[in-house]
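What follows is one structure encoded as structure tokens, with my remarks underneath.
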Amino acid sequence: MNEIPCESCEKLGCHGECENYILQMIEHDAERDAFDRLFKEIPKFNYVLNEKINAIFGTDLEVAKGSEVDEDQTEALSKFLYSKNKNRNTNLFEIKRAIKEKEIFGEGYLFFDSKEKNVYALAKSEITEYQEAEKNPIIDNILYYTVGTVDVPDELEIGADGFIEQEAGYIISPENMIKFKSDSYALNSDLRQLQILLDINRKIYESTTKRDYGDLFLFTTTATKEIVSAVAKRVKDKANETIKKMRERVAKLIKRNKVDDSNVVVLDESYKSITQVKPVTLVKDYQFIWENQDDIITSVFNFPMLLAGLGDEAGNVSKEALLKEARANTLTPIKADTANALTDIAKKLCGEEYYLRFQDYSEVNADYDKEATQQ
């Protein structure tokens, strides 16, 4: 099947990356670097992501058995979290990195190296999972994972270490892979709002760095054969292909009304009149969306603005009560899910009877400031 050139940059291998069309990038499996560049352009994207991860780990993990905390095992876990792997990253850093992957792409992986007792974060794009030949319609029976380039033998036997290391890759047992998964993640949210926010941010940036004078058409008394196109403040060299396509593009440029497409179209050498087509929507018209960007970006991550340090408390409810409610309804469940996923580490380090939980594992009920409500 022949690839269709991108409408914007005319490259065959581009599926919207040049314009950051988020949905097209997802559907065509854009490179990870393209997504990373995209996230840097979206206002407060990385800030809210980091705030959510920091909120999850705002209290320490502890090892418990039954309903009681084991202080000795908790101390051993703390040493594990802050010890460094062969990449010179702490295990806590790797855990947070895997959870970030889950928050953005829906899945994040953590490889437990049982030989050195360290973990390594892996993205979904770095992993291939293999199931039984006849897939169960309900249960995903994963036989093993591969990372990198590996040679899988016909009769695969993974030893007690839980993985096989080869020259250019790994074959990993499911028991040595922790999977973080969620259906509430950034790229499964309201992508249209995210795209609008991205485009408005770009529009404002361009309007502060370039002259946005719209489209100017200069008409002359004497016809000539060539058309000269000037984009923004720089003049393009005359090219035959551009001349042929100019008339068809003019209508598209006006409709798109992008700052970079502000054109001076010279139809003749000496002009008799100038017609200006001004931008239909001015930057100030986007103010209502720009002022709500905190609400948009936090909704993308399903994380309350208050917990991210954004927005204003409203009404007569005290800020303390709002914080308690946000923790109870959002943060506590997230922390519980994270601890449950990480419990496999506790079982490997301490024993099957142990599990992990955060120190504030019990749910916090929202309360209201009586003085505030009586005003």
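Values below: every heavy atom of this structure, side chains too, minus hydrogens, waters and symmetry copies.
- Annotation: salt bridge (charged side-chain N to carboxylate O under 4.0 Å, His left out) contacts of K79 (sequence neighbours excluded): none.
- A distance of 9.0 Å separates CG of L187 from CE of M25, quoted to the nearest 0.5 Å.
- Ion pairing between a basic and an acidic side chain is recognised when a charged N comes within 4.0 Å of a carboxylate O; D33 and R37 show no such pairing.
- Heavy atoms from other residues, nucleotides or ligands lying under 6.0 Å from CD of E75 number 12 at most.
- Checking side-chain atoms of K335 against main-chain N and O of I56 turns up a donor-acceptor pair under 3.5 Å.
- Judged by distance alone, with hydrogens and angles left aside, the side-chain atoms of Q195 form a donor-acceptor pair with the main-chain N or O of I22 at under 3.5 Å.
- Listed for the N188 side chain is no donor-acceptor partner under 3.5 Å among the backbone atoms of S184.
- Listed by first and then second residue, the ring-ring contact (aromatic ring centres under 6.0 Å, His included) pairs that reach into residues 291-310 are F45-F301, sequence neighbours excluded.
- A side-chain donor-acceptor contact under 3.5 Å links T343 to the backbone of A339.
- Contacts classified as side-chain hydrogen bond (donor to acceptor under 3.5 Å, both in side chains) and involving residues 87-97 (residues at least two apart or in different chains) are given here: S83-N91, N85-E94, N89-E94, N91-N118.
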Requested in this report: Dump the intermediate steps for side-chain contact (heavy atoms from CB on, under 4.5 Å) on Y130 and V152, then the final yes or no.
Outcome: CA-CA 11 Å; Y130 291 86; V152 181; 5.6 Å; no
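- Side chain of E126 to backbone of A123: a donor-acceptor contact under 3.5 angstrom is found.
- The heavy-atom pair separating V150 from G169 by the smallest distance is CG1-C, 3.5 Å.
- If you run side chain to side chain contact (heavy atoms under 4.5 Å, CB included) between K124 and each of K181, E129, E107, only E107 comes through.
- Sorted by first and then second residue, the ring-ring contact (aromatic ring centres under 6.0 Å, His included) pairs with a member in residues 61-84 form an empty list; sequence neighbours excluded.
- Taking the side chain as every heavy atom from C-beta outward, Y144 and L156 approach each other to under 4.5 Å.
- In plain terms, the two heavy atoms of I164 and E157 that are nearest each other are CD1-O, 3.6 Å.
- One finds the NZ atom of K65 at 4.5 Å from the CD atom of E353 (value rounded to the nearest 0.5 Å).
- The other members of the hydrophobic cluster of M177, by chain and number, are Y109, F111, Y120, L122, I127, I142, Y145, V147, F163, Y170, I172 (side-chain heavy atoms under 4.5 Å, ILVMFWY only).
- Here the straight-line distance linking atom CG of N329 with atom CD1 of I334 works out to 11.0 Å at 0.5 Å rounding.
- In this structure, V69 stands alone, with no Ile, Leu, Val, Met, Phe, Trp or Tyr side-chain heavy atom under 4.5 Å from its own, directly or through other members.
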Requested in this report: Let me see the working for I171 and Q166 under side-chain contact (heavy atoms from CB on, under 4.5 Å), right down to the final yes or no.
Outcome: CA-CA 8 Å; I171 303 173; Q166 297 184 355; 3.7 Å; yes
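- Under a 3.5 Å cut-off, the side chain of S173 and the backbone N or O of E175 do form a donor-acceptor pair.
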Requested in this report: Any chance you could lay out the side-chain contact (heavy atoms from CB on, under 4.5 Å) test for K100 and N50, step after step, and finish with the verdict?
Outcome: CA-CA 8 Å; K100 282 184 179 181; N50 288 327; 2.7 Å; yes
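- D113 has its side chain out of reach of V119: every pair of non-hydrogen atoms, C-beta onward, lies at least 4.5 Å apart.
- For the salt bridge (charged side-chain N to carboxylate O under 4.0 Å, His left out) test, residues two or more places apart in sequence or in another chain that qualify with E116 are K86.
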Requested in this report: Please lay out, stage by stage, how I95 and F57 fare under the test side-chain contact (heavy atoms from CB on, under 4.5 Å).
Outcome: CA-CA 10 Å; I95 291 171; F57 290 90; 3.8 Å; yes
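- Defined by atom type and a distance below 3.5 Å, a donor-acceptor pair is present between the side-chain atoms of D190 and Q193.
- Rounding to the nearest 0.5 angstrom, the gap separating the CG atom in N176 from the OG atom in S114 is 5.0 Å.
- For the atom pair I345 CD1 and K117 NZ, the distance stands at 12.0 Å (nearest 0.5 Å).
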**Report entry** Evaluation steps, salt bridge (charged side-chain N to carboxylate O under 4.0 Å, His left out), between D344 and K348
**Finding:** CA-CA 6 Å; D344 285 344; K348 290 181 179 297; over 6 Å; no
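- The closest donor-acceptor contact from the side chain of N292 to the backbone of D295 lies at 3.5 Å or more, if one exists at all.
- Heavy-atom minimum distance, P333 versus A328: CD-O, 3.6 Å.
- Taking K102 as the reference, nothing meets the salt bridge (charged side-chain N to carboxylate O under 4.0 Å, His left out) condition, with sequence neighbours excluded.
- No side-chain heavy atom of E101 sits less than 4.5 Å from a side-chain heavy atom of F180.
- Each salt bridge (charged side-chain N to carboxylate O under 4.0 Å, His left out) pair with one or both residues in residues 43-59, not counting sequence neighbours, appears once here: K44-D294, K52-E103.
- Cluster annotation: L61 and Y355 are assigned to distinct hydrophobic clusters (Ile/Leu/Val/Met/Phe/Trp/Tyr, side-chain heavy-atom contacts under 4.5 Å, transitive).
- Looking at L356 and L77, their side chains come closer than 4.5 Å, going by heavy atoms from C-beta outward.
- Partners of F93 by ring-ring contact (aromatic ring centres under 6.0 Å, His included), not counting sequence neighbours: none found.
- Residues D72 and V63 have side chains not in contact (no heavy-atom distance under 4.5 Å, counting atoms from C-beta outward).
- Between atom CG of residue N302 and atom OG of residue S182 there is a gap of 7.5 Å, rounded to the nearest 0.5 Å.
- Y47 pairs by the ring-ring contact (aromatic ring centres under 6.0 Å, His included) definition with nothing, not counting sequence neighbours.
- Side-chain N or O atoms of T298 include none that pairs as donor or acceptor with a backbone N or O of P304 at under 3.5 Å.
- A donor-acceptor pair under 3.5 Å is absent between the side-chain atoms of N201 and the main chain of L197, judged by distance alone.
- For the salt bridge (charged side-chain N to carboxylate O under 4.0 Å, His left out) test, residues two or more places apart in sequence or in another chain that qualify with D161 are K115.
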